[in-house]
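What follows is a single structure, written as structure tokens, with notes after it.
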Amino acid sequence: MATPLTERTEILFLYEIENANPNGDPLNENRPRYDSEENRVLVSDVRLKRTIRDYWYEYKGYNGTNGKDIFVRETTYEDKGKTFISDGKRRAKAFQESKQTVLDQCIDVRTFGGVLPLDKDSITLVGPTQFQMGKSLNKTDIVTEQGTGAFASGDGKGQATFRTEYKVPYALIGFNGIVNEKAAAYSQMSDDDKALLLEGIWEGTKNLISRSKFGQNPLLLLTVNYNEPFYIGGLRQRLKLITEKNEMNLRSTDDYTLDVTALLAELTAYKDQISSVTVRIDPRLQTSQPLTNGPLTL
């Protein structure tokens, strides 16, 4: 029996992306999501959750075998010799429309919540783990890249098709997250699930090796565990970049230092309400005050 989750946890996650598309908007030609007033890249919480789900599926055995599964994933079924993608109701029927069966088997529902659509009703579970939309700490631009495809658009054509891709030269993207122990009591999220969540954030980002995402690397994962139902909030907003360059011209971790002064001051101010702080950091990331892998002493 997994240990029930009892602590509230706040998450700060930073990763870099170089010459790639962190989160394309399908309603805008798959351009990176972008705040044009601040010139900063945006990444939806859904994108990060998809990264974590894919890691669990590919690397941790949550693939529909041995009683371990991901509820929100594409499955298919056959009908009259044709293959179709399952809708939500058909997916729920794969678990006998049983809330407990879904919670027992599906780590993503225990962790992120979800809606189980039934024939005449639905079951909604609020997810214990929530992420604010990610945002780049640096200003950046969107670069348009054009090229030719390998094939023509059809028979009888004498020229290959053209393709257009949109990328950002470099961005340091930050996410705020919360794991709410109160909601976890209903979704049955455990400490083991939380450990796999944190592993999925880091390793999932590192293993997201697709053409549009190659160039992503996790840089900092800071987890704050509280000894009461409280959290500081806005950890990403307490970070700044120190650089002698124009932010639009940043291209690697060599071009800046991450100023963690305000973040550490805030953690220290609330240390009586904090049970522990853990750091995972890429040694390439330069910080204004030393951060090393392991527990952080306040």
- Task: Work out which heavy atom in Arg110 is nearest to a heavy atom in Leu103; give both atom names and the distance.
- Result: NH1-O, 2.8 Å
- Query: To the nearest 0.5 Å, what is the distance between CG (Leu222) and CG (Leu239)?
  - Reply: 9.0 Å
- Query: Does one hydrophobic cluster hold both Ile17 and Leu137, with members joined at side-chain heavy-atom distances below 4.5 Å?
  - Reply: no
- Do NZ/NE/NH1/NH2 and the carboxylate oxygens of Arg284 and Glu16 come within less than 4.0 Å? yes
- Item | Student check: side-chain heavy atoms of Val279 and Leu220 closer than 4.5 Å | yes
- Task: Quick one: pull up CD in Glu266 and CD in Gln237 and give me the separation to the nearest 0.5 Å.
- Result: 11.5 Å
- Item | Whether over 12 other heavy atoms sit under 6.0 Å from Tyr270 OH | no
- Message: Evaluate Leu221 against Leu12 for side chain to side chain contact (heavy atoms under 4.5 Å, CB included), listing each step before the verdict.
- Response: CA-CA 6 Å; Leu221 178 59; Leu12 171 65; over 6 Å; no
- Query: Can you tell me how far the CG atom of Asp282 sits from the CG atom of Leu291, to the nearest 0.5 Å?
  - Reply: 12.5 Å
- Over all heavy atoms of both residues, which pair between Val43 and Met133 is shortest? Give the atoms and the distance, please. O-CG, 3.2 Å
- Message: With rounding to the nearest 0.5 angstrom, report the CD1 to CD1 distance, Ile201 to Ile11.
- Response: 4.5 Å
- Item | Test item: side-chain donor near acceptor, Thr261 and Asp259, under 3.5 Å | yes
- Going by distance alone, is a donor N or O of one side chain under 3.5 Å from an acceptor N or O of the other, for Thr83 and Glu78? yes
- Message: Is the shortest side-chain heavy-atom distance between Leu264 and Leu296 below 4.5 Å?
- Response: yes
- Task: Please tell me if the side chains of Val102 and Ile123 come closer than 4.5 Å, counting only heavy atoms from C-beta onward.
- Result: no
- For the student: nearest non-hydrogen atoms of Ser86 and Tyr77, plus distance: OG-CD2, 3.7 Å
- Message: For Thr76 and Phe84: C-alpha separation, side-chain torsions, deciding distance, then whether side chain to side chain contact (heavy atoms under 4.5 Å, CB included) applies.
- Response: CA-CA 5 Å; Thr76 60; Phe84 301 94; over 6 Å; no
- If you look at every heavy atom in Ile274 and Leu267, which pair is closest and at what distance? CD1-O, 3.6 Å
- Message: Between Tyr59 and Glu199, is there a side-chain donor-acceptor contact under 3.5 Å, judged purely by atom types and distance?
- Response: no
- Query: Would Leu5 and Ile52 show up in the same hydrophobic cluster when neighbours are defined by side-chain heavy atoms closer than 4.5 Å?
  - Reply: yes
- Message: Checking Gln216 against Glu18: is there a side-chain donor and acceptor pair closer than 3.5 Å?
- Response: no
- Query: Got a salt bridge between Arg91 and Asp87, using NZ or NE/NH1/NH2 to carboxylate O under 4.0 Å?
  - Reply: no
- Task: Determine whether the side chains of Thr111 and Asp193 contain a donor N or O and an acceptor N or O closer than 3.5 Å.
- Result: no
- Message: Does Leu241 form a side chain to side chain contact (heavy atoms under 4.5 Å, CB included) with Leu250? I'd like the steps, not just the answer.
- Response: CA-CA 11 Å; Leu241 296 184; Leu250 300 183; 4.0 Å; yes
- When rounded to the nearest 0.5 Å, the distance separating CG of Leu116 from OG1 of Thr124 is 8.5 Å
- Check the angle between the aromatic planes of Tyr256 and Tyr170 and answer parallel, tilted or perpendicular using the 30° and 60° thresholds. tilted
- Query: So is Arg40 actually on top of Tyr34's ring, under 6.0 Å and inside 45° of the axis?
  - Reply: no
- Is the backbone N or O of Ile281 less than 3.5 Å from a side-chain atom of Asn293, with the two atoms forming a donor-acceptor pair by type? yes
- Message: If you apply the rule ring pair (Phe, Tyr, Trp, His ring centres under 6.0 Å), what do you find for Tyr55 with Tyr57, and how did you get there?
- Response: CA-CA 5 Å; Tyr55 175 77; Tyr57 180 86; over 10 Å; no
- Could you point out which residue of Leu198, Thr278, Val179 forms a side-chain contact (heavy atoms from CB on, under 4.5 Å) with Thr9? Val179
- If we only count heavy atoms from C-beta on, is the Lys245 to Arg251 side-chain gap below 4.5 Å? no
- State, without any angle test, whether Glu58 and Asn63 hold a side-chain donor-acceptor pair at a distance under 3.5 Å. no
- Message: Tell me the closest heavy-atom pair linking Ala171 and Asn138, and the distance in Å.
- Response: CA-OD1, 3.5 Å
- Task: Using the rule that two of Ile, Leu, Val, Met, Phe, Trp, Tyr join whenever any of their side-chain heavy atoms come within less than 4.5 Å, decide whether Phe13 and Leu235 are in one cluster.
- Result: no
- Task: Pick out which of Arg8, Glu7, Glu10 makes a side-chain hydrogen bond (donor to acceptor under 3.5 Å, both in side chains) with Tyr226.
- Result: Glu10
- Message: For the backbone of Gly127 and the side chain of Gln130, can you confirm whether one donor and one acceptor N or O come within less than 3.5 Å of each other?
- Response: yes
- Would the number of heavy atoms belonging to other residues, nucleotides or ligands and lying under 6.0 Å from OH of Tyr231 be above 12? no
- Task: Would you check if there is a donor-acceptor pair between the side chains of Gln132 and Asn176 at a distance under 3.5 Å?
- Result: yes
- Report yes if the side chains of Val41 and Lys135 come closer than 4.5 Å at any heavy-atom pair, otherwise no. no
- Task: Check for a donor-acceptor pair, side chain of Ser122 on one end and backbone N or O of Leu118 on the other, with a separation under 3.5 Å.
- Result: no
- Task: Check whether any side-chain heavy atom of Leu258 sits under 4.5 Å from a side-chain heavy atom of Gln286, and report yes or no.
- Result: no
- Message: Check whether Arg238 reaches the backbone of Gly233 with its side chain - one donor and one acceptor, N or O, closer than 3.5 Å.
- Response: yes
- Task: Please check if atom CG in Asp119 has more than 12 non-hydrogen atoms from other residues, nucleotides or ligands closer than 6.0 Å.
- Result: yes
- If two hydrophobic side chains count as joined below 4.5 Å and joins carry through other members, does Val109 share a cluster with Met189? no
- Item | Gly134 to Phe175 - nearest heavy-atom pair and separation | N-CE2, 3.2 Å
- May I ask you to test the Leu196-Lys60 pair for a side-chain heavy-atom distance under 4.5 Å? yes
- Verify the neighbour count for atom NZ of Lys139: are there more than 12 heavy atoms of other residues, nucleotides or ligands below 6.0 Å? no
- Take Val115 and Leu125 through the test side chain to side chain contact (heavy atoms under 4.5 Å, CB included) and record every step on the way to the result. CA-CA 6 Å; Val115 178; Leu125 286 165; over 6 Å; no
- From Thr3, Thr223, Asn225, residue fulfilling side-chain hydrogen bond (donor to acceptor under 3.5 Å, both in side chains) relative to Lys194: Asn225
- Message: To the nearest 0.5 Å, what is the distance between CG on Asp255 and CD1 on Ile242?
- Response: 14.0 Å
- Task: For residues Tyr15 and Trp202, determine if any side-chain heavy atom of one lies less than 4.5 Å from a side-chain heavy atom of the other.
- Result: no
- State which residue, out of Arg47, Arg33, Arg31, fulfils the side-chain hydrogen bond (donor to acceptor under 3.5 Å, both in side chains) condition with Asn23. Arg33
- Message: Treating Asp108 as the side-chain partner and Val72 as the backbone partner, does any N or O pair qualify as donor plus acceptor under 3.5 Å?
- Response: yes
